[in-house]
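Heads up: the structure comes next, in structure tokens.
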Amino acid sequence: NECADLVRKISRATILGNHDAAVAGRMDYSYYYEAARHALDAHASILSPENAAWLRGLPYREDLVDHGVTLCHGSPVRLEEFEYIFAPEQARECLPIWRELQPLTLIGHSHLCKVFELTPTEVIEHPGPPKSITFRPDRKYIVSVGSVGQPRDYDNRASYVTYDTDTREFCFKRVEYDIEAAAQRIFDARLERNFGHRLFIGV
């Protein structure tokens with residue numbers, strides 16, 4: 001609730017993630033493993049009516065056309081299936097819709113920092129990822145932005161990105177946060193203890 005309240009207050013655009021969809025009753029998560037189902041059930045039980053209604057109304061995709069940016073949680077190809085893009089072969093599924101893509105598509109879901117550069121016929125994965133990149137106007141880009149709450153690239157710092165719409169420069173940012181306090185909240189809530197332990201190693 002605290003997170004939802006904050007995002008509702010300060011965010012210009014918010015899109016639906018798979019766990020948001022689950023706790024809001026917009027997807028079947030019966031196939032999730034038991035600990036994940038328990039966490040989702042626990043969060044759904046304490047979500048305020050206002051925040052539940054807000055999650056139920058969030059879009060799967062937001063196009064910021066003036067800035068040439070699309071926001072979606074997973075692959076833009078099948079939005080409601082929340083498919084991963086963390087490898088070039090997954091990004092290649094976007095080639096048939098290359099002309100429909102905005103210059104920049106920002107995704108999450110994998111909790112990894114990845115940059116894929118697309119031409120109409122090929123996908124180039126940037127190594128690293130680079131700390132910053134200036135986009136070419138004749139290419140399309142799909143960027144996985146990592147995760148503030150649970151990075152999975154063995155760097156336990158929170159991950160976020162900035163994008164300057166004037167210079168078209170994109171930067172990955174990492175910042176330390178109080179992992180012990182975050183993990184303790186998980187332990188106190190009697191959720192799967194591994195959800196807290198994994199924060200310390202960034203997986």
Side-chain angles (χ1 to χ4, degrees), residues 3-21 24 26 51 54-88 90-153 157-175:
C3 181
D5 289 342
L6 183 62
V7 172
R8 290 171 60 192
K9 180 179 179 180
I10 68 173
S11 178
R12 172 182 167 186
T14 307
I15 48 94
L16 187 76
N18 57 310
H19 284 228
D20 305 318
R26 293 176 61 177
N51 286 330
W54 174 67
L55 290 178
R56 284 194 294 271
L58 286 179
Y60 289 94
R61 170 175 175 161
E62 186 81 27
D63 291 305
L64 308 177
V65 178
D66 291 345
H67 301 299
V69 175
T70 289
L71 309 174
C72 51
H73 188 68
S75 170
V77 176
R78 289 174 289 273
L79 291 168
E80 295 185 20
E81 297 182 22
F82 298 109
E83 295 180 342
Y84 289 103
I85 298 181
F86 54 75
Q90 294 162 322
R92 287 191 194 101
E93 292 197 7
C94 299
L95 292 180
I97 62 168
W98 188 87
R99 294 187 183 279
E100 302 166 27
L101 293 173
Q102 294 287 340
L104 173 60
T105 299
L106 298 177
I107 64 172
H109 201 34
S110 72
H111 297 223
L112 300 173
C113 299
K114 296 277 186 176
V115 177
F116 300 100
E117 182 177 330
L118 282 64
T119 75
T121 59
E122 66 176 336
V123 172
I124 302 143
E125 181 179 2
H126 285 242
K131 184 175 181 182
S132 65
I133 183 170
T134 301
F135 297 138
R136 293 175 50 173
D138 59 333
R139 304 289 174 91
K140 304 287 180 74
Y141 294 83
I142 298 174
V143 177
S144 180
V145 300
S147 174
V148 169
Q150 193 183 90
R152 293 180 181 164
D153 57 0
R157 296 174 298 167
S159 172
Y160 69 100
V161 298
T162 61
Y163 176 56
D164 189 316
T165 55
D166 293 326
T167 65
R168 291 174 57 84
E169 185 178 27
F170 184 95
C171 293
F172 285 96
K173 306 282 190 177
R174 303 302 286 249
V175 61

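Scope of the values below: all heavy atoms of this structure, side chains included, with no hydrogens, waters or symmetry mates.
Counting heavy atoms from C-beta outward, Thr134 and Thr167 have side chains that stay 4.5 Å or more apart. By the 4.5 Å heavy-atom criterion applied to side chains, Gln102 and Leu64 are not counted as neighbours. You'll find the side chain of Ser75 reaches within 4.5 Å of the side chain of Cys94, heavy atoms only. Annotation: side chain of Leu101 is not in contact with side chain of Thr70 (no heavy-atom distance under 4.5 Å).
With Ser159 contributing its side chain and Val145 its backbone, the two residues share a donor-acceptor pair below 3.5 Å. Judged by distance alone, with hydrogens and angles left aside, the side-chain atoms of His111 form no donor-acceptor pair with the main-chain N or O of Ser147 at under 3.5 Å. Using a distance-only test at 3.5 Å, with no hydrogens or angles considered, a donor-acceptor pair links the side chain of Ser144 to the main chain of Leu112.
The ring pair (Phe, Tyr, Trp, His ring centres under 6.0 Å) check on Phe86 picks up Tyr84, with sequence neighbours excluded. With sequence neighbours excluded, the residues satisfying ring pair (Phe, Tyr, Trp, His ring centres under 6.0 Å) with Tyr141 are Phe135. Residues passing the side-chain contact (heavy atoms from CB on, under 4.5 Å) test with His73 are Ile15, Asn18, Phe82, His109, sequence neighbours excluded. Residues passing the salt bridge (charged side-chain N to carboxylate O under 4.0 Å, His left out) test with Arg61 are Asp63, sequence neighbours excluded. Applying the side-chain contact (heavy atoms from CB on, under 4.5 Å) test to Arg92 and every residue at least two apart in sequence or in another chain returns Pro88, Glu89, Leu95, Val123.
Going from atom CG of Asp138 over to atom OG1 of Thr119 covers 9.0 Å, rounded to the nearest 0.5 Å. For the atom pair CD of Glu100 and NZ of Lys140, the computed distance is 9.0 Å after rounding to the nearest 0.5 Å. Rounded to the nearest 0.5 angstrom, Arg56 CZ and Arg26 CZ are separated by 9.5 Å. A distance of 4.5 Å separates CD1 of Ile85 from CD1 of Ile107, quoted to the nearest 0.5 Å. Remark: Trp54 CH2 to Asp20 CG distance equals 7.0 Å, nearest 0.5 Å. Atom SG of Cys72 sits about 12.5 Å away from atom CD of Glu80, to the nearest 0.5 Å.
Considering every non-hydrogen atom in both Leu58 and Thr14, the closest pair reads CD2-O, 3.7 Å. Counting all heavy atoms, side chain and backbone alike, Pro130 lies closest to Phe172 at O-CD1, 3.3 Å. In plain terms, the two heavy atoms of Trp98 and Leu118 that are nearest each other are NE1-O, 3.0 Å. Contact record, Val148 with Tyr160: CG2-CB, 4.3 Å, taken as the closest heavy-atom pair.
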Item to complete: Report the C-alpha distance between Glu117 and His126 in whole Å, list the side-chain angles of each, state the deciding distance to 0.1 Å, and finish with yes or no for side-chain contact (heavy atoms from CB on, under 4.5 Å).
Response: CA-CA 7 Å; Glu117 182 177 330; His126 285 242; 2.7 Å; yes
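Of the candidates Val69, Leu71, Thr165, Val69 is the only one forming a side chain to side chain contact (heavy atoms under 4.5 Å, CB included) with Leu104.
For the salt bridge (charged side-chain N to carboxylate O under 4.0 Å, His left out) condition, no pair includes a residue of residues 158-172, sequence neighbours left out.
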